[in-house]
Structure formats: structure tokens, C-alpha cells
Trainee: 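Got a structure for you, questions after.
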Amino acid sequence: MAMLEVENIHSYYGNIHALKGVSLTVDEGEIVTLIGANGAGKSTTLRTITGILKPRDGRVQLDGEDLSHYKPHEIVYKGIAMVPEGRHVFARLTVSENLDMGAYSRNSKQEIADDLERMFTLFPRLKERRSQVAGTLSGGEQQMLSTARALMAHPRILLMDEPSMGLAPVLVEAIFDTIKQINKEGTTILLVEQNALMALSVANRGYVLQTGEIVLNDTVDKLKKDPTVQKAYLGME
Amino acid sequence: MFRNWMQRITLTDVVIWAIGLAILIGVIWGSIVTLGTGKYSTATWIDLTLIGLALGGVYALIALGYTLVYGILRMINFAHSEVFMSGPFTATFAAWALVGAGWWNKYPILSLLIVLGVSAVVSSIIAVLLERIAYRPLRTAPRLVPLITAIGASFFLQYVFRGLYGSGLKGYPEMTILQGFWMLGSIRVFKTQAVAIVGAVIMMLILYGIVQWTKLGKAMRSVSENKEVAALMGIDVDKTISRTFAIGGAAAGMAGILYLLLFPVAHFFMGFFPGLKAFTAAVLGGIGNVPGAFLGAMMLGLLESVGPSLFLDGLGIPAPYQLKDAIAFSVLVLILIFRPTGILGERLAQAKA
Ligand SMILES: Nc1ncnc2c1ncn2[C@@H]1O[C@H](COP(=O)(O)OP(=O)(O)O)[C@@H](O)[C@H]1O
Ligand SMILES: [Mg+2]
């Protein structure tokens, strides 16, 4: 059984039919990527998984449990955390306070302290700036903070929405290295990206989303060789 | 550069600055005249300052409710003056019950704590119900809608409490241990004022500590920045908003008892002026900002108590003390014109960017 199972979801914004029957699965330990052009519905898919958006049809299951009846904050307790598109750190809170909020769903002080250490090892920059207000961090640092904050929930699965957006190429490399590292340490990842090349280089499997529908679904090796993917997402002729 | 600057000035700017300058000159001139005549003794000035600080403390505790709710919902809870009224009005009856039981002067500290507790709990419950019933269903409505609802709720609560407790004035019993004054060196401090000042400062510090250092406080600040992202942290946004109202309500309820120490009369309309002044204080300090609310409230309390004698008297205005309420509202209008972000507001805006 897959860890995360999205079954035929239809999500709407008012009358806009943003997701037209999206299905995907993520197995424990995998990195799965969801790629697609701007406006394809990638963020909408993640928002539906986290319960912020309720699908009109279809369902999301985690370890076989239907999540439809849970509110967004309850879904965090089930083990899903998200790094939202555009990072959205709490600008007026300090780095430390942001990380505290990431661990909001947890109680064990010891485990939280251990994970905090782990985050500071993963992102030494955050340690240097821990008492600084998050709004004063650079874009790359905010991305680190947003990622660390989500990891502080100690999720079973981490959803990442375009972590490379707006970052300089060196930072993009660094972010993808971290993604591999986090996954190696045991966190399952569903990665949404427009940067298909990078996404396909770190993931195990991928889905291609086009105007609210999954049009392709395969291992990354096969996707990289697919002519439509090469043309539309990898910029090859 | 200078030319550019010149071109950007409009007639409105000129008029506004002229008004500002006229007021400033008036205040300075009036103060000089008053001080020159030596009409008031140093002792009087000290008395007025102490009254100002006590009032400021009360306003600060009420202002906290406006500022917290604004921070989290971006709405002005105009019914907060009634949240403020509900607690002390109810507590006045509790106070008389304690008098009847013979506890009031026998166990004054315990009695005071009971009355504070009753007031805080009632105001807190009213605030939470207000949010749950009147505001929550409107959370996604355009901003004007909850604002109008708040004004409606304000009238509703006034009439509910008038219905419950009557439209008359209800005296608040005096405590023998709080009669008279203490001497602080050569300064005479009325005991009620001292209790109000010290009590307000302690409560403000506790409330500031809650907002700044507790898990709840951090959750409140997260929700005030971004509700959706706060939910992604596992924060129950509705519950956090409820608790924000509860804290703001409790602070207002406790402020109500301090207010009764200064003006020992409760009635269904008692929230109006303190409420509006606390709102002014919150705007003056920079709404949404807790230290700002404190600062704004202290400034307003002082302006209101010292101002009439200091500059209105000097300008030859008859019965200046009756204009103390007008000072608060002039201040509100002036900040809205000159510095809508309030004193500490800019720091907030910068931090946000
Ligand atoms: N808040 C919203 N209100 C209305 N339409 C929206 C909203 N958010 C997204 N959409 C629409 O839903 C579709 C999918 O958007 P989104 O999931 O953000 O795409 P992606 O993340 O793939 O760029 C787009 O057509 C977009 O215009
Ligand atoms: Mg998106």
C-alpha cells in the first residue's frame, strides 16, 4: 500500500475547475516529483492534500486513512508537512520562533531539541541567524528556514512547492542537495517543480500535470527520455 | 532634489501642516502662559501626572484588546468597549455581595482578587461569544461588514446589560484599606491610584510576556501574519483567535476594576469613553503593536489629565477640565491625519516588508 494516495480528486476555486481527476501515489522513502507549467494545478494539488482546499470529489489517503474529514491543522498531526510556494516564513517572528512554530504539533521537548540541532547542522546559516527576524533573511535563507520549519514537524511526508523558485543557480543546487539529504535521513518527499531538469535528477518517479490532469506518470529515467517531456519541460527540440 | 520635493507638495499638505503648526504653537504658548502665572503648585502637577498614569494604565489594558484583535483579524472590534463594561458592571454586584457577607473590608485582598476574577471572566466570556457568534461567520466577508456588525453588537450588549442590571448608576463600594494616600518621600499618592498604576503595569507585563514568549503567543503572532501557513504548522486558527479574544477580554475586565477604583460608578454606558480612548491609544501607539498600545495609552492618559490645566488653561479657555474628552478625540483625528501608522507603527510596517 502506498503511503500517500491521491485518488481522482476534483478541486475548484469557485467555478474554476482546477483539478480534473488527479491521482497519484507516493511510497514510503521515495522522492516523487510533480512537474507542470505555470497554472497546471501543482499548488492546488498540494493544497488539496494538506486540506486547505477540500476536493468536491475524490479523496486523499495517508497510510490507508481517509483525510477528508480532517481540518488542515489536524492533517499536520497525521504526518504531512508542507513548504509552501513562495516560502512564507513568518516575517515578524525570529528564525527560532519560526522553527518553534514548525514544531507546534509536537510535545516532546527532547525530540524537538534534537531536531533543532539536526536543522542547525543541515542549515548552519540558520543557526547564525536564529535570533534575527525572518523578514530580514535573504531569499535563499528564507527557503532554508521554510524547509527547516516544515521538517520541525517531523513529518512522514514532506510536500515542497517550488523550492527553487527565484533562487540563484548555486542556491538551487544547494536546495536540491538538501532535498536528497533529507530523503536519505528518512523523510518521504513529494516535490512540485517547474524546474523539471533538477526535479527529475533527484526524484525516483514523476508525474506530469497539464491543465488539471495527469498526462504522464513514470520513472524519472523514462520521463527524461519522453519526447513530450523533453520538448515541453526540458527545453529540448 | 529640492525642486522635486517642492513640486510634490500639494495644497492639502500645506493646509494640514499649517493646522499642525498652529496646534503646536497653541500648546506651547498655552503651556508657557500657564507655567508663567504659577497658578498651579508642583503638588498639583504631580497629582495630575499620577492621575494621568493611572488612567493611562487602564487605557493600556483596554487598548491591548483592540490591538490584539486588530493584529489577528485586521478588524476594529468596536464592541470592545462593551466587553470592557460587562465585567466591572457584573463585578460591582459581586463586590456588594462581598460587602453584604462582611468580607469586603475583612479580607480586602481576597475580595479584590475575587472581584478582579469575576470581572475578567465575564469580559472574557463576552469577548469569546462575540467573536464566535458575530465575527467568525463574517471572516471572509468584506471588511466593512464585520465593522458594522461590531457597532451593532456594541449597542446590543449595552441594551442586554441595561436589561440585566438596569439603567441606573451602580456605586462601587469603597475599601477602607484603599482610602487615603501613601507618602512617597514628599509625594502624596492616593492609594487607589497607586494600585491602578502598579496593577496595570504588572498586568501589561504579564500579557506582553504571554504574547512574546508562550507557545500561544507565538501562535497568535503566526496567525496574525498568515492564517493558512499557520494552519500548515498545526495551529488551530479558530481556537487561537478565540483565545486572543479571551485574553483581550480578560485584560479589559481587569482594567474595568482598576477603572472603578478611580471612578467608583458602574453603569451600562460606562464603556463608551474609556473604550474610545483606549482605541485612540491603540491607534496612537500603532495598532497591532503591544508595546505601542502601552505607550500610546500612557501618553493619552497624561495628555488628558495634565493637558487641560497645562495648555488649555493658559489659552484662556474657560472650564478647561471639561474638555479632557475632547483632547483624546483631537489626538485621534490628528494622528489619523499626520501619522496614521502611529508612533511605533512604522517599525511594524518595515518588519512586514
Ligand atoms: N486562489 C485562487 N482563486 C482562483 N483561481 C485560482 C486560485 N489559485 C489558483 N487558481 C487557478 O487554478 C489553476 C491552478 O493553479 P495552481 O495550482 O496555482 O497552478 P501551479 O501551482 O501549477 O502553477 C490556475 O488556473 C489558477 O489560475
Ligand atoms: Mg504553484
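Note on naming: letters A, B, ... go to the chains in the order of the sequence lines (proteins, then strands), and numbering restarts at 1 for each one.
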Trainee: If you count heavy-atom pairs under 4.5 Å with chain A, which of B:S222, B:A230, B:S224 comes out on top?
Mentor: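 So the answer, after comparing B:S222, B:A230, B:S224, is B:S222.
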Trainee: What residue, out of A:L93, A:T50, A:V89, A:I75, has the most heavy-atom pairs lying under 4.5 Å from chain B?
Mentor: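 Top option by heavy-atom pairs under 4.5 Å: A:L93.
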Trainee: Considering only heavy atoms, which portion of A:Y77 lies under 4.5 Å from any heavy atom of chain B: side chain, backbone, both, or neither?
Mentor: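 When you check distances to chain B, only side chain atoms of A:Y77 fall under 4.5 Å.
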Trainee: Just wondering, are more than 12 heavy atoms of other shown residues or ligands nearer than 6.0 Å to OH in A:Y12?
Mentor: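 Yes, the 6.0 Å shell around OH holds more than 12 heavy atoms from other groups.
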Trainee: Quick check for you: among A:M82, A:M152, A:E97, which has the greatest number of heavy-atom pairs under 4.5 Å with chain B?
Mentor: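 If we count pairs closer than 4.5 Å to chain B, A:E97 comes out on top.
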Trainee: For A:H73, is the NE2 atom crowded, meaning more than 12 foreign heavy atoms sit under 6.0 Å from it?
Mentor: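 Counting other residues, nucleotides and ligands, NE2 of A:H73 exceeds 12 neighbours.
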Trainee: Would you mind listing every salt bridge (charged side-chain N to carboxylate O under 4.0 Å, His left out) that reaches into residues 67-82 of chain A, with sequence neighbours excluded?
Mentor: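 Sorted pair list: A:E65-A:K78.
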Trainee: Heavy-atom distance under 4.5 Å to chain B: side chain of A:I52, backbone, both or neither?
Mentor: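 Answer is side chain: those atoms of A:I52 sit under 4.5 Å from chain B.
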Trainee: Enumerate by number any residue of residues 231-247 of chain B whose heavy atoms lie under 4.5 Å from heavy atoms of chain A; in the absence of such residues, state 'none'.
Mentor: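 The stretch touches chain A at B:A231, B:L232, B:M233, B:G234, B:I235, B:D236.
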Trainee: Suppose a student defines contact as a heavy atom less than 4.5 Å from any heavy atom of chain B. Which residues in residues 33-40 of chain A would they list?
Mentor: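 At a heavy-atom separation under 4.5 Å, chain B is reached by no residue of residues 33-40 of chain A.
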Trainee: State, to 0.1 Å, how close A:R106 and B:K215 come at their nearest heavy-atom pair, and which atoms those are.
Mentor: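 Smallest heavy-atom distance, with atoms named: O-NZ, 3.7 Å.
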Trainee: What pairs of residues pass the salt bridge (charged side-chain N to carboxylate O under 4.0 Å, His left out) test when at least one of them lies in residues 274-295 of chain B, not counting sequence neighbours?
Mentor: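 Matches after skipping sequence neighbours: B:K277-B:E304, B:K277-B:D325.
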Trainee: So A:P84 and B:E228, do their side chains get closer than 4.5 Å, heavy atoms only?
Mentor: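 A side-chain contact under 4.5 Å is absent here.
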Trainee: For A:M165, is the CE atom crowded, meaning more than 12 foreign heavy atoms sit under 6.0 Å from it?
Mentor: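 Yes - once you tally the heavy atoms of other residues, nucleotides and ligands closer than 6.0 Å, there are more than 12.
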Trainee: Could you give me the CA-CA distance, side-chain angles and deciding distance for A:R92 and B:R221, then say whether side chain to side chain contact (heavy atoms under 4.5 Å, CB included) is met?
Mentor: CA-CA 8 Å; A:R92 278 176 280 164; B:R221 287 186 285 138; over 6 Å; no
